[in-house]
Amino acid sequence: MTEQEAEYAGDLFGVDPTPGIVAVERAGDRGIRIYHRTHDGVREQLVEFTPWLVVDAETVPNLPRQMSTTLLDGDGRLRVRCDAPNWAAWLDVYRWLREAGRPFATFTSAADQYLVDSGRGLFRGISFDTVVRAQIDIETLGLDPTVEGARILLVTAAINGESAIVFRGDELSEPDMIRALTAWLQSNDPDVIEGHNIFNFDLPYLIERARRYHLELEWGRDGSPVRVGGEQRFKAGARSIPYNAARIYGRHLVDTYQQIQRYDTAGQLSSYALKPAIRALGLARHDRTYVAGVDITAAWDHDRERLIHYAIDDVLDVNVLSELALPTEFYQTRILPRGLQSVATGGPGEKINDLMLRAYLSRGYSIPTPGPPRGYPGGYTELRRTGRFSPVVKCDIESLYPSIMLVDDIRPASDELGMFVPMLGVLTKRRLQAKRREQQSTGHDRAQWRGIQTSFKVLINSFYGYLGYSRGYFNDYDAAERVTLRGQDLIQNIVVQLESNGSRAIEVDTDGVFFEPPADVRTLASEEALVARVSETLPTGINLAHDGRFLGMLSLRLKNYALLGYDGTVTLKGSGLRSRREERFLGQFLHDEVARHLAPDQFGDPRQAYLDLAERIIDGRLGVDDVSRIETITDQTFISPATRRLAEAVHGERIGERVAVYERADGSLARASAFDDDANSSYLLRRLRDFAERFRPLYATDQEFHYTFPIVTQRTDLATLRAARPTSQLTLFDLTN
DNA sequence: TACTGTGGCCGTGGGA
DNA sequence: TCCCACGGCCAC
């Protein structure tokens with residue numbers, strides 16, 4: 001590392017590498033308590049702390065409380081740092097600033113303020129498996145802790161997936177179970193407490209049951225009870241999902257129900273419930289015990305040992321999900337001035353804000369205010385050809401936007417100190433190092449380097465988006481636009497070169513191109529050579545890579561295509577071909593039709609399969625799992641007219657839940673659980689035909705398409721339709737019109 | 001002050 | 001019947 005890189009690394013990671021800090025909390029009005037994990041347990045340290053805010057010069061004379069002020073360097077609008085005499089004064093000023101609508105910068109958490117000030121961070125020098133994580137799970141009578149007969153049957157817990165323990169409702173009274181859990185937690189002294197849906201179920205249930213015995217969940221490192229916050233939101237990709245926040249002094253709460261949603265960026269999982277998620281990820285233990293939610297009461301009465309095994313399996317599965325999804329957040333926490341719980345629930349824009357604020361304030365520099373939002377162009381997309389292609393190569397520009405920012409030195413205009421691009425550069429370099437270490441190592445080391453590597457990747461990928469983030473202190477829409485327009489130039493130039501080399505470009509999207517290579521390019525090596533020749537023409541620091549080769553491709557619409565791998569696997573891409581919302585029978589239909597069109601000799605006749613499925617609909621032979629679709633409950637569900645029928649079907653459901661519904665013969669929607677063999681066949685036939693429309697680009701003429709996928713209604717004579725000949729005119733098959 | 005970005009396809013339902 | 005706005009989900 002050069003001297004300059006070391007300097008920027010200090011800005012990026014904070015200047016104080018003190019290892020082993022596992023928690024930081026406010027202590028009284030002017031103090032901070034730091035918990036260090038050492039070889040013989042956790043040690044406490046108390047330090048003095050002055051809460052602060054940064055405001056603009058005009059605001060200072062009007063502040064409602066006396067503060068000591070410092071003028072910061074530079075031209076940022078927020079150039080006066082105010083140090084508060086105590087936390088109460090800070091809170092007064094903070095509330096006043098919000099109320100008055102004045103611009104300011106601070107952190108609502110004293111711990112985060114301390115971490116920014118000190119340059120320290122959590123978990124430095126320790127790895128994920130060093131941290132003590134407790135998994136907990138409860139089995140209860142019913143889901144509502146307030147109703148008659150509600151009670152906790154079992155509490156199970158484990159430490160890092162081991163030493164599982166059970167507190168049984170037939171051996172302990174309910175309050176004693178709660179006391180036993182608290183004692184177990186205090187003696188194991190975990191840094192992290194984990195559960196699946198712990199925020200919205202286990203904690204509220206436990207708190208309510210405890211309240212009935214005048215107990216509190218005294219789980220804090222200082223013995224304080226779990227504090228319930230208001231409704232907060234966790235960020236998972238583009239979605240922001242509300243939950244009942246809670247905090248524990250000196251520890252971090254992690255909900256694997258949330259973490260697995262953040263982990264599932266590709267949207268592969270159809271359910272985020274514990275058992276389906278574990279199964280879909282291929283992580284189920286073969287000897288795992290299952291008890292359905294509705295059977296828990298019966299199992300408690302008649303098969304208690306089995307229920308206990310099931311409950312233990314549940315906490316072990318919580319650990320499995322945590323080991324999968326949490327390391328990325330854990331290793332980000334080393335870098336960022338905030339705690340694990342906040343890293344694991346917060347959005348990426350705020351994390352880059354953290355980095356920039358810490359870098360500027362540690363140098364005594366002023367902070368700019370966000371520029372007003374405006375739209376700007378994004379990636380270049382073009383559907384150049386539709387139809388069936390073979391063979392197909394995909395190439396893409398590696399890390400397009402980060403590379404452009406590094407190569408062209410594109411940074412916010414307000415970044416006077418020039419920190420943005422060097423921080424991105426250090427992260428990029430460190431990520432490559434970590435990737436190499438990951439490849440060179442095995443076991444726990446490998447898992448650690450993977451965690452580090454992916455945590456860097458998450459931050460790297462956030463830098464571009466930050467430029468267009470409306471609440472980013474250093475946002476810059478002009479800079480964001482320069483990045484995307486440069487990307488458009490680069491990819492369009494690559495298409496020109498590919499075509500001039502005899503390739504036929506099929507689809508272009510932002511940083512990648514699918515193309516048919518020329519006839520003399522048929523091996524991986526020759527494809528790579530072709531891509532490498534194009535790559536050589538690009539600016540230094542911009543690399544084009546071979547990113548996949550396929551036996552076949554169906555190009556249907558922009559961002560909607562299917563791929564046939566050389567190993568025979570079929571992949572569907574795009575909202576029209578794979579969506580969590582589509583009915584299962586339609587998903588199956590799409591998949592099968594794609595296979596039939598990609599390899600017609602292997603998979604049979606599309607027309608016959610279509611008519612078979614239509615017949616099953618007419619005969620009512622599709623089950624509830626086939627005809628129901630998954631709808632996500634959002635803020636809009638109960639507001640928007642476009643989701644009125646859904647709102648009626650799922651009245652009272654929580655935001656963020658996913659509910660299986662189907663359309664009834666009367667046109668209303670109903671929950672799949674209320675299925676009564678009354679699915680709307682006309683609707684299903686129409687849906688089937690709509691889905692067949694996706695394949696229209698594969699047919700040269702309307703006649704051919706209509707012959708393959710004729711319109712079918714409940715009154716259609718399928719026998720006649722099946723017997724019809726392909727040479728006939730379209731109108732002959734439109735028997736119902 | 002606990003909201004990374006744009007581009008695009010498709011279904012719904014209201015209104016012309 | 002067509003057009004349009006909007007919401008959800010997806011590709012990148």
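In what follows, every chain begins at residue 1, and chains take the letters A, B, ... in the order their sequences are listed.
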Q) Which value, in whole Å, describes the distance between the C1' atoms of nucleotides B/dT6 and B/dA2? A) 24 Å
Q. Between B/dG8 and B/dT4, how far is it from one P atom to the other, in whole Å?
A. 24 Å
Q) Who passes side-chain hydrogen bond (donor to acceptor under 3.5 Å, both in side chains) against A/W52, sequence neighbours left out? A) A/D117
Q | Pairing residues for A/Q341 by the side-chain hydrogen bond (donor to acceptor under 3.5 Å, both in side chains) criterion, not counting sequence neighbours | A | none
NA contact type, [X], heavy-atom cut-off 4.0 Å: base, sugar-phosphate, or nothing?
| X | result |
| --- | --- |
| A/Y473 | base |
| A/P103 | base |
| A/Q636 | sugar-phosphate |

Could you pull out every donor-acceptor pair under 3.5 Å between side chains of residues 404-412 of chain A and any protein atom, sequence neighbours left out?
{"residue": "A/D408", "atom": "OD2", "partner": "A/R486", "partner atom": "NE", "Å": "2.7"}

Q. Can you pull the contact range of chain A along DNA chain C, 5' to 3', using atoms under 4.0 angstrom from its heavy atoms?
A. C/dG7 to C/dC12
Q: Check the distance between B/dC10's C1' and A/R696's CZ and give it to me in whole angstrom.
A: 16 Å
(Q) Using whole Å, what does the distance between atom C1' of nucleotide B/dT1 and atom CG of A/D354 come to? (A) 11 Å
Q. Which residue pairs pass the salt bridge (Lys or Arg N to Asp or Glu O under 4.0 Å) test with at least one member in residues 371-384 of chain A, sequence neighbours excluded?
A. A/R374-A/D478, A/R374-A/E481, A/E382-A/R384, A/R384-A/E499
Q | Ring-on-base stacking B/dT1 with A/F104 (under 5.5 Å, under 30°) | A | yes
Q.
Heavy-atom nearest nucleotide on DNA chain C for A/I633 versus A/F514: which residue maps closer to 5'?
A. A/I633
Q. Quick one: on DNA chain C, does A/R239 or A/D511 contact a more 5' nucleotide (nearest heavy atom)?
A. A/R239
Residues which pass ring-ring contact (aromatic ring centres under 6.0 Å, His included) with [X], listed by chain and number, not counting sequence neighbours:
| X | answer |
| --- | --- |
| A/Y683 | none |
| A/F705 | A/Y699, A/F709 |
| A/H546 | none |
| A/F514 | A/Y561 |

Taking only nitrogen or oxygen atoms into account, show me every contact under 3.5 Å that the protein makes with nucleotides 12-16 of chain B, one pair per line with its distance.
{"residue": "B/dT12", "atom": "O3'", "partner": "A/A642", "partner atom": "O", "Å": "3.2"}
{"residue": "B/dG13", "atom": "OP1", "partner": "A/R645", "partner atom": "NE", "Å": "3.2"}

Q) For nucleotides 3-9 of chain B, read 5' to 3', which letter fits each nucleotide if B means a protein heavy atom sits under 4.0 Å from the base, S means only the sugar-phosphate is that close, and - means neither? A) BBSSBBB
Can you list, pair by pair, the side-chain donor-acceptor contacts under 3.5 Å of residues 93-102 of chain A, counting residues two or more places apart and other chains?
{"residue": "A/Y94", "atom": "OH", "partner": "A/R98", "partner atom": "NH1", "Å": "3.2"}
{"residue": "A/R102", "atom": "NE", "partner": "A/T59", "partner atom": "OG1", "Å": "2.8"}
{"residue": "A/R102", "atom": "NH2", "partner": "A/D56", "partner atom": "OD1", "Å": "3.3"}
{"residue": "A/R102", "atom": "NH2", "partner": "A/D56", "partner atom": "OD2", "Å": "2.9"}
{"residue": "A/R102", "atom": "NH2", "partner": "A/T59", "partner atom": "OG1", "Å": "3.1"}

Q: Hey, can you tell me if A/F474 and A/Y360 have their rings parallel, tilted or perpendicular (30° and 60° cut-offs)?
A: tilted
(Q) Does A/L590 form a side chain to side chain contact (heavy atoms under 4.5 Å, CB included) with A/L572? I'd like the steps, not just the answer. (A) CA-CA 9 Å; A/L590 284 177; A/L572 275 56; 4.1 Å; yes
